[in-house]
Amino acid sequence: MRDLGRTVVYQIYPRSFQDSNGNGIGDLCGITSRLDYLADLGVDLLWLTPIFVSPQNDNGYDVADYCSIDPLFGTMEDFDTLVAEARKHGMGLMLDMVFNHTSTEHKWFQYALEGDEYYQKFYYFVDGKTDEEGNPGLPPTNWVSKFGGPAWQWIPELNKWYLHLFDPTQADLNWSNPAVRNKLKEIIRFWRTKGVEGFRFDVVNLISKPAWPWQDDYEGDGRRFYTDGPHVHEYLRELALDTGLGEMITVGEMSSTSIENCIGYSNPANHELSMVFSFHHLKVDYDHGEKWALKDADINQLRNLFRSWQEAMAAGGGWNALFWDNHDQPRAVSRFGCDSDYKLWHASAKMLATCIFFMRGTPYIYQGNELGMTNAYFDSIADYRDIESLNYYKILIKQGLDEKEALHIIAERSRDNGRTPMQWNASPNAGFTTYTPWIGIPANHEHINVENERTDAHSPWMYYQKLIALRHQLDVIADGDIKFIELAGQADKIIAFRRDLETAAAGQPQHMLILCSFASDETQVVIPEQLAKEIQSSAILISAYAYAPSRKKSLITLKPYDAVVYAW
Ligand code: TEU
C-alpha cells in the first residue's frame with residue numbers, strides 16, 4: 001500500500017476536466033487522454049467526484065445507481081480502461097462514495113414511495129408535528145438543509161415527511177438499519193474488485209442520527225444533533241472491517257467536526273479511515289461563521305486553526321488530508337492570495353501550495369491548483385449552475401439585498417468558482433471542449449493555462465511539480481514532527497512552522513523551517529534567537545520567488561506573498 005506521507009492526491013471534477021466527445025461536458029475518456037499530463041506532474045492517486053448514474057441535480061452527489069457509470073461520463077468499459085491505463089502510469093483511482101443520502105430516483109427510494117415498508121426503513125420517513133391549534137402537517141423538527149430551506153419534505157401519498165440534509169432530491173439513508181449498511185458494503189466490494197485503490201466518503205460524519213424522537217434546535221440549524229453522531233465511529237469501523245478498507249486509502253469528508261473525533265476517525269488503531277478532511281480553516285472569511293456574509297480572511301485565526309489541528313492530530317495519532325480547494329470551494333488563490341496582479345498572483349499561488357505541502361498529512365491538489373486557477377467572477381446569475389448558489393441567490397434577495405449585492409456575495413462564495421473547466425490552452429474553450437462548455441470559462445485562461453505554464457520555468461505548474469517530487473523524496477516532510485512558531489507581531493500575516501525528524505535517511509535534511517506570508521506588502525520577520533542560530537547552517541530548499549529573501553542574522557525580509565523553506 002502507498003505510504004500516506006509520500007502520497008499526493010489529485011482531485012478531478014470529471015464534468016470539467018476534459019471533454020472527449022464534444023458535448024461540452026468532461027468525461028472518462030477525456031481523463032484517460034490526460035494521464036500523461038498527470039504522470040508528468042507526478043501525482044499518485046486520482047480522486048474522481050461521483051461518476052455514477054444520477055439525475056445530476058447536485059452534479060452527481062445525488063446517486064441513483066452506485067454500481068453503474070452515468071452515460072454522461074461514458075461506460076463501464078471506459079472506466080475499466082481508465083483504471084488499467086492509470087495503473088500503467090503508476091497511478092491509482094479513488095472513488096467518491098455518497099453514502100449519507102441517495103437520490104430520490106434511486107430504486108430504494110422509489111420502492112419506498114410505492115409503499116414497500118422494507119425500503120421505507122432505508123430512509124427517515126416520519127410523522128409531522130401538530131401546531132398549537134392541533135393541526136397536523138408541520139415538519140418533524142425545525143432543522144435546516146445545508147442548501148437552504150427546511151430539511152424535510154412532505155410526501156402526501158404516505159402522509160409522512162422524509163429527511164434531506166441537502167437537496168430535497170437527496171434523501172438521507174437510515175444507517176441504524178443494518179440492511180442499509182449491508183447494501184453499502186456490497187457497493188464497496190463491487191468497486192474494490194474493479195481495481196480502485198481508495199475511496200472518499202462524502203459527508204460521512206453525518207451518517208449517525210440521534211435516537212428518535214428528535215428535537216428542535218433553538219440555537220442552530222440542527223447540525224449539533226447529527227454531526228459526529230452517536231454511532232458514527234462504530235459504523236465506520238464495521239464498514240472498514242467487513243470490506244477490507246484497511247488495505248485501501250480512505251478519506252472521510254467531515255462537516256463541522258472536532259479534532260477529537262477526527263483523531264478517532266483516522267488513528268490507525270481504530271480501523272476507521274486513513275484520513276480526514278475538515279473545513280474550519282476555510283471559514284476564516286465567513287462573517288460570524290456565516291458562509292453568505294463576507295469578510296476578509298482572518299490570518300491569525302487561520303494560523304491558530306492550522307496549529308491546533310496539526311499539533312493535536314499529530315499528538316493523537318490522527319492523519320489530515322491537506323487542501324485549500326475542492327469542487328465546493330471558491331479558489332484559494334482568489335481568497336487568501338491575490339489574483340488581480342500578475343506578480344502577486346504568481347507568488348501567492350506558490351505560497352499557498354508551500355503552506356500545505358510541508359504540513360503533516362497527505363496533500364490534495366484540486367484540478368487547476370497547479371496552474372493557480374482563479375475564481376470565475378461571473379457577472380450574471382444566468383452564468384451559475386450550482387443548486388446551492390441558485391438557492392442562496394433567491395434567499396439573499398428575499399432577505400432584502402438588491403441583485404447587485406446578492407450577486408457580489410455569490411461571486412465570492414459560489415461553488416461554481418471551483419467548477420469551471422480545466423484551462424489547457426489559450427484557445428476559446430481552453431482546450432477543454434470543441435463545443436459550448438456546460439459552464440463558462442474565465443477569460444484569464446488566455447494566460448493561466450497548461451500550455452503556457454509548462455514552458456515557463458518559474459510557473460506555478462513547475463513549482464507544484466517540484467513540491468510533489470520533494471514530498472516523495474524527503475523523510476522529514478513525510479514523517480517529521482510539526483511545531484508552529486510564534487513570530488512577534490506578525491500573527492496576522494505570517495504562518496511559520498518547523499518539521500523535525502531525527503531518523504531521516506543519510507544525506508537528507510532532518511529539520512525544516514517554513515515561512516509563508518499572507519501579506520500583500522513586504523514584511524520583516526524576526527526569527528527567535530535559538531532558531532536563527534539553527535538556520536545559520538541551512539540551505540533554501542524552495543521559495544516562491546526566484547530570489548530567496550534577504551536574511552541578516554535573525555531578520556528575514558519576506559516579499560509580498562512570499563514562501564521560503566529552509567532545510568538543514
Ligand atoms: O459537501 C458537503 C458540504 O456540506 C459542503 O461542502 C457543502 O457543499 C457546502 O459547502 C454547503 O455550504 C459534499 C460534496 O462535496 C458536495 O459537492 C455535495 O453537494 C454535498 O456533500 C452533498 O452530497
Side-chain angles (χ1 to χ4, degrees), residues 9 11-16 47-52 54-64 66 94-106 109 143-149 151 163-173 184 199-207 220-224 226-229 251-257 276-287 289-294 321 323-332 335 364 366-367 384-393 395-396 409-410 412-419 439:
V9 184
Q11 184 193 348
I12 294 181
Y13 199 61
R15 169 183 280 277
S16 294
W47 151 29
L48 309 190
T49 59
I51 49 172
F52 318 110
S54 158
Q56 302 287 335
N57 290 330
D58 187 21
N59 289 4
Y61 284 93
D62 44 333
V63 182
Y66 290 92
M94 280 174 96
L95 290 184
D96 208 320
M97 296 288 117
V98 189
F99 283 174
N100 176 67
H101 44 265
T102 74
S103 163
T104 50
E105 287 186 22
H106 195 289
F109 194 84
W143 299 0
V144 181
S145 145
K146 306 264 183 193
F147 291 160
L163 177 73
H164 62 86
L165 294 182
F166 293 87
D167 190 61
T169 65
Q170 294 166 301
D172 280 56
L173 281 167
L184 299 176
F199 296 105
R200 176 243 188 209
F201 291 99
D202 191 57
V203 288
V204 78
N205 66 328
L206 310 186
I207 57 175
D221 56 11
R223 73 181 66 190
R224 65 200 173 98
Y226 57 75
T227 301
D228 300 315
V251 56
E253 187 200 27
M254 305 301 173
S255 168
S256 306
T257 187
V276 288
F277 288 116
S278 64
F279 294 89
H280 302 281
H281 66 296
L282 296 176
K283 296 182 180 172
V284 298
D285 54 359
Y286 289 9
D287 200 18
E290 168 52 44
K291 174 168 178 173
W292 306 97
L294 308 179
F323 75 108
W324 289 110
D325 288 278
N326 66 27
H327 63 290
D328 294 331
Q329 297 291 329
R331 293 280 180 179
R335 231 170 136 178
Y364 282 65
Y366 178 59
Q367 64 181 49
Y384 289 91
R385 302 286 176 265
D386 172 29
I387 192 166
E388 184 196 45
S389 308
L390 298 173
N391 282 350
Y392 270 96
Y393 179 73
I395 293 172
L396 292 171
I409 296 179
I410 300 291
E412 293 289 330
R413 291 291 143 89
S414 174
R415 306 195 296 179
D416 281 336
N417 283 309
R419 298 179 177 186
I439 191 170

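Indexing begins at 1, ligand by ligand and atom by atom, following the structure's order. Remember, it's a predicted structure, so these values are computed and weren't measured experimentally. Any value given below was found using the heavy atoms of this structure, including those in side chains, with hydrogens, waters and symmetry copies removed.
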Which of the ligand 1 atoms, numbered from 1, are nearer than 4.0 Å to a heavy atom of [X]:
| X | answer |
| --- | --- |
| R415 | 7 (C), 8 (O), 16 (C), 17 (O), 18 (C), 19 (O) |
| R419 | 17 (O) |
| E388 | 9 (C), 11 (C), 12 (O) |

If we ignore angles and hydrogens, is there a donor and acceptor under 3.5 Å between the side chains of [X] and [Y]?
| X | Y | result |
| --- | --- | --- |
| W143 | D221 | no |
| D62 | T169 | no |
| Q11 | R200 | no |
| D228 | N205 | yes |

Between the side chains of R385 and D416, is the shortest nitrogen-to-carboxylate-oxygen separation below 4.0 Å, so that they form an ion pair?
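No, D416 and R385 are not salt-bridged.
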Tell me whether ligand 1 is touched by [X] - counting only heavy atoms on the residue side and a distance under 4.0 Å.
| X | result |
| --- | --- |
| H101 | yes |
| H164 | no |
| F147 | yes |

Parallel under 30°, tilted from 30 to 60°, perpendicular over 60°: which one fits the rings of F277 and F323?
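The arrangement is perpendicular - the two ring planes meet at more than 60°.
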Relative to the ring of Y66, is the ring of F99 parallel (under 30°), tilted (30 to 60°) or perpendicular (over 60°)?
perpendicular
May I ask you to identify the nearest protein heavy atom to atom 3 (C) of ligand 1, giving residue, atom name and distance to one decimal place in Å?
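In this structure, atom 3 (C) of ligand 1 has F166 CE2, 3.9 Å as its nearest protein heavy atom.
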Nearest protein heavy atom to atom 18 (C) of ligand 1, by residue and atom, and its distance?
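The closest one turns out to be D58 OD2, 3.3 Å.
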Out of [options], who is nearest to [atom] when you count heavy atoms only?
| atom | options | value |
| --- | --- | --- |
| atom 13 (C) of ligand 1 | D202, N57, N100 | D202 |
| atom 5 (C) of ligand 1 | V63, N326, D328, D96 | D328 |
| atom 10 (O) of ligand 1 | R200, K291, K146 | K291 |

Say you draw a straight line from OG1 of T104 to CD of Q170; how long is it, rounded to the nearest 0.5 Å?
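Here the rounded value is 9.0 Å.
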Heavy-atom contacts under 4.0 Å between M254 and ligand 1: side chain, backbone, both, or neither?
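Near ligand 1, M254 shows nothing, with every heavy atom at 4.0 Å or more.
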